[in-house]
Undergrad: 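If you scroll down you'll find the structure; I have some questions about it.
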2 protein chains.
Amino acid sequence: MESNIKDVARLANVSISTVSRVMNMPEKVAIETRVKVQEAMKELNYTPNALARGLIYKRTKSLGVLIPDISNMFYSEMLHGMEHAAQRHHYNLILCNTDNNKARMLESLNMLKEKQIDGLVFTSEPVYPDYYEVFKKLQIPIVLAATHSLEFDIPSVKVNDEQASFDAAECLIKHGHRRIGMICGSITDNVTAMPRLQGFLRALRVHDLETDVDSQVQFGGYKFEDGYEAMGQLLRKFPDITAVFASSDERALGAISYLHEHGKSVPEDISVIGFDNLRLAQMSIPKLTTVGQPLYQIGYLAVEKLDHLIQNEHVGELRTYVRHELVERQSVARR
Amino acid sequence: MESNIKDVARLANVSISTVSRVMNMPEKVAIETRVKVQEAMKELNYTPNALARGLIYKRTKSLGVLIPDISNMFYSEMLHGMEHAAQRHHYNLILCNTDNNKARMLESLNMLKEKQIDGLVFTSEPVYPDYYEVFKKLQIPIVLAATHSLEFDIPSVKVNDEQASFDAAECLIKHGHRRIGMICGSITDNVTAMPRLQGFLRALRVHDLETDVDSQVQFGGYKFEDGYEAMGQLLRKFPDITAVFASSDERALGAISYLHEHGKSVPEDISVIGFDNLRLAQMSIPKLTTVGQPLYQIGYLAVEKLDHLIQNEHVGELRTYVRHELVERQSVARR
DNA sequence: TGCTTTTATGAAAACCTTTTCACCCAGGAT
DNA sequence: ATCCTGGGTGAAAAGGTTTTCATAAAAGCA
């Protein structure tokens, strides 16, 4: 039932070369032959086979995307941007969810290589040296999205986390807060969590506030439940707190939830500022003040950068830093 | 730099047939030859080319996924399930975001066909007759996820929307509510919105409450803003309302937001029940009571059903209906 | 008219595998 | 000694395309 170029050629009474030409350089074939062939293609419901094409062109117009957890809005917004850029540049996206699991990641990478992807976008997670080894073996253009590597020269696009956190903290300070806690990511993550911590501390220092990481900062996961948990810890260790910087929106909502359940109202008693500006930041009560990263744009630019790499065009800067933006809503109050 | 089977064969001093055998039926080749070949493969960092394989096997181990909007948590949770099922059965997922745009969908479908996907999962959106024509031309196994078709015999997996809505409405009624409004989807959508409306109305009738669609039901989009908007309308048309069934969690949060801003507290003044049980339903204040659909599972099962179709195994039932579940949290109060 | 150039087409090689078939050789049975 | 069996291997075709090169016909030009 599936028809190939041969069937078309036979039906149109031409050679397969001619059929191929009709598809790729139609101006090179006589007008009558052309329509004859096109009619045959239509009649047979013919579609060219991208596998055969890819074999010859050594190019598949497919990109691999490695994502730790697609159901996380953080990644899905980025993915959305990637998908649009991919459509624009005629790529397909092959999606691999890694669950932050190294074995699964390597497996996916292997599968992607076998499928001859033209390029790869790697999201979040730092690039550990052994990852870099694998990347090198892949022999494929790679772009990092929402992460970067200072050790290795891999193109990347992300926000300036240190500065963004600085701005978040400064926002709280400018609203008159002096006793500020932070809910931070894992201490082992120095591509995202550490810069954010540093930005936070810098803001405190710049404004002559004392800093005490031990009591003031709570480390943990990025999820709602982690934020909830962390808020509890923080309140115990640092009771006279008036504001909290939660370095992800989910954590922020978790914190707010904890505060709400423990009779503190936001922002009247305690102000909370988040990080990311996911769609859910507008949906909470109170609406969340947060420092936004343009996730859609990060995804979009990552794919465009990858395309440049693939086309061997100039890549622009190796490490692109996109603008963050302070989004003031209702979870931060003047004090 | 890229090595093929020939390079391996040359280095190992064997024919390419032998190399191929080492990969596909290693027991058929003498142990010394086997290790010789394996060493050569390792030395050359050889990976087989899935394009060439696919050409022969007429099977690519790739599935297409058509999704209206990946950044929507509704789809991203489903996608997560699909991805896990895909990994389990050794498929790759090629993701296409359609933006609910017909032209883009057809374009994607074409691309997917060219790439020789083994099957397709189509999410949400009703299957219009012209879609069905396209599907037929595709000559590829298809499964519908979170949608179904009564006109056409296409395998599908989804929740029983009518019954789920019935349960939602009944939950409100059992909590003593008599004046209940509904925020509903578009009136043109009769795969999801209409059954939900019918379930809602059935519950009212069964419990001898009067129904007046005109004043009691507000139609609109599924987003937060739509819910916000709709809540306003509803309150104007049907002022002495004590409870609202919003037929998506996002709409429910929009409604809650509206109520909050207009001085009504949830659930003390007005109860709200949602639909979906997205992750964000646990993150709101108050935590949202909702009737949950197992989105992850829907995605997972859809891919497994697709796999059965591809393998020509028995598909089980054509239309699978998975269990919904009433998740009682804090947005519904007794009256 | 006879020559060269151009235009339209086809044959065959190449891309990288898998698989069928044939071959060779060692060992067991007769 | 002869035949058969079978394990291990290689040559070649097939899968669907693109592309190079060759060829034939038509057109241009003197």
Side-chain angles (χ1 to χ4, degrees), chain A residues 1-38 40-41 44-62 110-118 139-140, chain B residues 1-38 40-41 44-62 110-118 139-140:
Chain A
M1 206 64 222
E2 285 302 285
S3 56
N4 31 358
I5 200 173
K6 268 188 209 161
D7 300 328
V8 176
R10 197 175 313 126
L11 182 61
N13 241 314
V14 296
S15 75
I16 61 168
S17 327
T18 301
V19 178
S20 175
R21 267 186 293 258
V22 169
M23 296 187 284
N24 302 301
M25 30 202 338
E27 71 286 354
K28 286 282 178 188
V29 18
I31 182 74
E32 320 92 64
T33 347
R34 199 193 310 172
V35 306
K36 210 171 48 176
V37 169
Q38 282 161 340
M41 297 204 293
L44 294 176
N45 184 26
Y46 170 75
T47 332
N49 184 322
L51 299 182
R53 278 192 170 166
L55 213 44
I56 295 178
Y57 287 144
K58 293 172 172 307
R59 211 204 44 200
T60 54
K61 281 287 174 183
S62 295
N110 217 46
M111 213 166 177
L112 290 172
K113 188 183 183 191
E114 294 191 4
K115 299 235 166 139
Q116 313 294 119
I117 52 168
D118 296 340
Q139 305 262 38
I140 279 176
Chain B
M1 206 63 221
E2 286 301 287
S3 57
N4 29 356
I5 200 173
K6 265 190 212 159
D7 300 327
V8 176
R10 197 176 313 125
L11 183 60
N13 242 315
V14 297
S15 74
I16 60 169
S17 327
T18 300
V19 178
S20 175
R21 267 187 293 258
V22 169
M23 296 187 283
N24 302 300
M25 32 205 333
E27 71 286 354
K28 288 280 181 193
V29 15
I31 182 72
E32 319 92 65
T33 342
R34 200 192 311 173
V35 306
K36 208 171 49 177
V37 169
Q38 282 162 340
M41 296 204 293
L44 293 176
N45 184 25
Y46 169 75
T47 330
N49 184 323
L51 299 182
R53 278 190 171 168
L55 212 45
I56 296 178
Y57 288 144
K58 292 172 170 309
R59 213 203 44 201
T60 55
K61 280 287 175 183
S62 295
N110 217 47
M111 213 168 177
L112 290 172
K113 187 183 183 190
E114 293 192 4
K115 299 235 166 140
Q116 312 296 115
I117 52 169
D118 295 340
Q139 306 262 39
I140 279 176

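What you see is a predicted model; the values in this text were computed from it and never measured. Chain naming here is simple, since letters A, B, ... match the order of the sequence lines and numbering starts at 1 in each.
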Undergrad: Which atom names give the shortest non-hydrogen contact between T33(B) and T18(B), and what distance separates them?
TA: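 Distance-wise, the nearest heavy atoms are CG2-CG2, 4.2 Å.
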Undergrad: Give the minimum heavy-atom separation between Q116(A) and T60(A), together with the two atoms involved.
TA: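 For Q116(A) versus T60(A), the nearest heavy atoms are O-OG1, 2.8 Å.
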Undergrad: Without decimals, in angstroms, what is the distance between E27(A) CD and dT9(C) C1'?
TA: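 From E27(A) CD to dT9(C) C1': 15 Å.
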Undergrad: Could you tell me how far apart R34(A) (CZ) and dA8(C) (P) are, to the nearest whole angstrom?
TA: 9 Å
Undergrad: For the pair made of CZ in R59(A) and C1' in dC15(C), what is the distance, rounded to whole Å?
TA: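 R59(A) atom CZ is separated from dC15(C) atom C1' by 14 Å.
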Undergrad: Once side chain to side chain contact (heavy atoms under 4.5 Å, CB included) is applied, do any residues pair with N4(A), and if so which ones, sequence neighbours excluded?
TA: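 Side chain to side chain contact (heavy atoms under 4.5 Å, CB included) list for N4(A), sorted by chain: K6(A), D7(A).
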Undergrad: Could you note down all residue pairs passing side-chain hydrogen bond (donor to acceptor under 3.5 Å, both in side chains) where residues 45-58 of chain B supplies at least one of them, sequence neighbours left out?
TA: K113(A)-T47(B)
Undergrad: Give me the atom names and distance for the closest heavy-atom approach of S15(B) to A9(B).
TA: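 Distance-wise, the nearest heavy atoms are C-CB, 3.8 Å.
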Undergrad: Quick one: K28(B) NZ to dC21(C) P, roughly how many Å, whole number?
TA: 15 Å
Undergrad: Ignoring hydrogens, what is the shortest heavy-atom contact between G54(B) and L51(A)? Give both atom names and the distance.
TA: C-CD1, 3.6 Å
Undergrad: Given atom NZ of K115(A) and atom P of dC16(C), what is their separation to the nearest angstrom?
TA: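 Answer to the nearest Å: 19 Å.
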Undergrad: Of all heavy-atom pairs between R59(B) and D118(B), which one has the smallest distance, and what is that distance?
TA: CA-OD1, 3.5 Å
Undergrad: Look for any protein N or O under 3.5 Å of an N or O in nucleotides 23-25 of chain C and output each such pair with its distance, or none.
TA:
none

Undergrad: If you look only at distance, which donor and acceptor atoms sit under 3.5 Å apart when one is on a side chain in residues 25-32 of chain A and the other is two or more places apart or in another chain?
TA:
none

Undergrad: Atom CE of M41(B) and atom NZ of K36(B): how far apart are they, to the nearest 0.5 Å?
TA: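 M41(B) atom CE to K36(B) atom NZ measures 13.0 Å (nearest 0.5 Å).
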Undergrad: Under 3.5 Å, which protein N or O atoms sit close to an N or O of nucleotides 22-26 of chain D? Give each pair with its distance.
TA:
none

Undergrad: Where along nucleotides 14-20 of chain D does protein come under 4.0 Å, by heavy atom, of base (B) or sugar-phosphate alone (S), with - for untouched nucleotides?
TA: -BBBBB-
Undergrad: Are side-chain N/O atoms of S62(A) and K115(B) paired as donor and acceptor at under 3.5 Å?
TA: yes
Undergrad: How close do I117(B) and I140(B) get, counting heavy atoms only, and between which atoms?
TA: O-CD1, 3.6 Å
Undergrad: At under 4.0 Å, does any side-chain N or O of T18(B) touch on OP1 or OP2 of dG10(D)?
TA: yes
Undergrad: Atom CD of E2(B) and atom CG of L44(B): how far apart are they, to the nearest 0.5 Å?
TA: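 Separation between the atoms: 11.0 Å.
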Undergrad: To the nearest 10°, let me know how far the axis at one end of the helix from dT1(C)-dA30(D) to dT30(C)-dA1(D) is tilted from the axis at the other, five pairs an end.
TA: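 For the helix from dT1(C)-dA30(D) to dT30(C)-dA1(D), the axes at either end differ by 50°.
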Undergrad: Taking only residues two or more places apart in sequence or in another chain, which ones pass side chain to side chain contact (heavy atoms under 4.5 Å, CB included) with S20(A)?
TA: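 For S20(A), the residues satisfying side chain to side chain contact (heavy atoms under 4.5 Å, CB included) (neighbours in sequence not counted) are I5(A), N24(A).
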